[in-house]
Number of protein chains: 2
Amino acid sequence: MNINQASDYGFRAVLYLAQAGTKVVEAQTIAQNEVVPMRYLLKIMPSLIKAGIVRSQRGVGGGYALARDPRDITLLDVIEAIEGPIRLNRCLLDEGYCSKQGPPDCKIHQALADIQQKLDSDLSSYNFADFLE
Amino acid sequence: MNINQASDYGFRAVLYLAQAGTKVVEAQTIAQNEVVPMRYLLKIMPSLIKAGIVRSQRGVGGGYALARDPRDITLLDVIEAIEGPIRLNRCLLDEGYCSKQGPPDCKIHQALADIQQKLDSDLSSYNFADFLE
DNA sequence: CTTAAACTATACCAAATGGGTAAACAATTA
DNA sequence: TAATTGTTTACCCATTTGGTATAGTTTAAG
């Protein structure tokens, strides 16, 4: 039960870009400053772009910049961009996954759904403007 | 980011035992009723025993029963018994794990710590008496 | 006091996931 | 048109996950 390394790298990249303001920063700079393996970072970034969190520019002088105000980027946004939606239990998303095919009123399922919703909302309550010094 | 299958099986086993009251129930009965692979269930149960959630009896007529009131067994208890403590990010538990060895005042770390604490508390707010019909 | 029923401990295994690297490609600018 | 920088895709190895098998230990019944 944890956030994976890729998401953690995503946090660092977004935070670095937030600190950089509107400047376009190349991957290598982010990788070095945030101690993220460069090639791995390059693989992660497109997920952040597809999610509308980051924009990129190719070619000489290219790099990455935030696509929107850091205030509008939450921890959950980054996690979901990289790992997809959170599901405390697979049964909460994959209908028919549960081997018991439990009664639709499975109370544990309902409890987990409630807890997951709170977790989502907690992860959404922190935005990257909060993290700037 | 999810609770693993073993914990889900653990939920089912504990719920089944809670419904059985004080009766000693053999593994096969639990496995069949809760649709859990018998051998896998047998591997999981010792974790619940070590955590003081379940007690076992060997030999003829043996089986499992809850070791304490269902009201005193929470979702978190079962998860921690089976998966160990929850850590949203490894850096929250393994000191010195973070490749950045970030400043001790990493704001993201602090946010995740807060969120994790809320998650723990939410998972603790449901006990297995709540789940009985 | 032996046998059968039940849990325990270990070891093993295949498939999926996680973390990371490599190489060829596409775009952009000087 | 060449150099720079991101994109795409494929590959790779180690770990984890979910599960099975096997040998062993405890206990109650006969």
Side-chain angles (χ1 to χ4, degrees), chain A residues 1-13 17 23-32 34-51 53-67 79 81-84 87 89-91 94 97-100, chain B residues 1-13 17 23-32 34-51 53-65 67 79 82-84 87 89-91 94 97-100:
Chain A
M1 161 90 91
N2 57 75
I3 290 164
N4 66 24
Q5 188 66 44
S7 292
D8 192 45
Y9 290 159
F11 293 155
R12 300 188 204 176
L17 292 175
K23 236 185 318 186
V24 169
V25 181
E26 65 190 86
Q28 203 164 91
T29 304
I30 302 174
Q32 280 170 5
E34 296 298 326
V35 196
V36 173
M38 157 92 159
R39 302 226 174 233
Y40 197 58
L41 180 68
L42 282 170
K43 194 166 69 169
I44 291 169
M45 297 307 286
S47 304
L48 295 174
I49 292 170
K50 286 188 193 93
I53 294 169
V54 162
R55 63 185 174 79
S56 69
Q57 177 151 1
R58 297 211 269 199
V60 179
Y64 300 97
L66 289 191
I79 294 170
I82 291 178
E83 301 184 40
R87 43 181 179 59
N89 192 330
R90 252 183 72 176
C91 69
D94 305 10
Y97 165 72
C98 180
S99 69
K100 197 181 172 191
Chain B
M1 160 88 92
N2 58 73
I3 290 164
N4 66 23
Q5 190 66 43
S7 291
D8 193 46
Y9 289 159
F11 293 155
R12 300 189 205 176
L17 292 175
K23 235 185 320 186
V24 169
V25 182
E26 64 191 87
Q28 201 163 92
T29 305
I30 302 174
Q32 279 170 6
E34 296 298 326
V35 197
V36 173
M38 157 90 159
R39 302 225 173 235
Y40 197 57
L41 180 68
L42 283 171
K43 195 166 68 168
I44 291 169
M45 297 307 285
S47 306
L48 295 174
I49 292 170
K50 285 187 194 95
I53 293 168
V54 164
R55 63 184 174 80
S56 69
Q57 177 150 2
R58 297 211 271 197
V60 180
Y64 301 95
I79 294 170
I82 291 178
E83 302 184 39
R87 44 180 177 61
N89 191 331
R90 253 183 73 176
C91 68
D94 305 9
Y97 165 71
C98 179
S99 69
K100 196 180 172 192

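The sequence lines fix the lettering, A, B, ..., with proteins before strands; numbering per chain opens at 1.
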From B:Asn89 atom CG to B:Met1 atom CE, the distance as rounded to the nearest 0.5 Å:
9.5 Å
How far does OH of A:Tyr9 sit from CG of A:Leu48, to the nearest 0.5 angstrom?
14.5 Å
Classify A:Gln57 by what it touches in the nucleic acid, base, sugar-phosphate, or nothing, heavy-atom distance under 4.0 Å.
sugar-phosphate
Whole-Å distance separating the CZ atom of A:Arg58 from the C1' atom of D:dG6
6 Å
Please give, in whole Å, the distance from C:dC7 P to B:Arg55 CZ?
13 Å
Identify which nucleotide among C:dC7, D:dT4, D:dT5 has an atom closest to any side-chain atom of B:Ala27, counting heavy atoms from C-beta outward.
C:dC7
To the nearest Å, give me how far apart CD1 (B:Ile79) and P (D:dT17) are.
14 Å
A:Arg90 side, atom CZ; B:Ile3 side, atom CD1 - distance, nearest 0.5 Å
14.0 Å
Do any side-chain nitrogens or oxygens of A:Tyr9 fall under 4.0 Å of OP1 or OP2 in C:dG19?
no
Within residues 38-46 of chain A, those residues having any heavy atom closer than 4.0 Å to DNA chain C are A:Arg39, A:Tyr40, A:Lys43
Roughly, in whole Å, what's the span from CZ in A:Arg90 to P in D:dT16?
20 Å
Measuring from atom CE of A:Met38 to atom OG1 of A:Thr29, what distance do you get when rounded to the nearest 0.5 angstrom?
9.0 Å
What is the distance from CD of A:Glu26 to C1' of C:dA27, rounded to the nearest Å?
16 Å
In this structure, how many angstroms lie between the P atom of C:dA5 and the CD atom of B:Gln28, rounded?
11 Å
If I take atom CE in residue A:Met1 and atom P in nucleotide D:dT17, what distance separates them, rounded to the nearest angstrom?
12 Å
Got a second to check how far B:Ile53's CD1 is from B:Leu17's CG, nearest 0.5 Å?
11.0 Å
To the nearest Å, give me how far apart CG (A:Asn4) and P (D:dT15) are.
17 Å
Most 5' of A:Val60 and A:Gln5 on DNA chain C, judged by nearest nucleotide:
A:Gln5
Is any side-chain heavy atom of B:Tyr64 less than 4.5 Å from a side-chain heavy atom of B:Ile49?
yes
Atom CD of B:Gln32 and atom CG of B:Leu41: how far apart are they, to the nearest 0.5 Å?
11.5 Å
Hey, does the side chain of A:Ser56 come within less than 4.0 Å of D:dT5's phosphate (OP1/OP2), counting only N and O?
no
Heavy atoms only, 4.0 Å cut-off, all strands: where does B:Gly62 land among base, sugar-phosphate and nothing?
sugar-phosphate
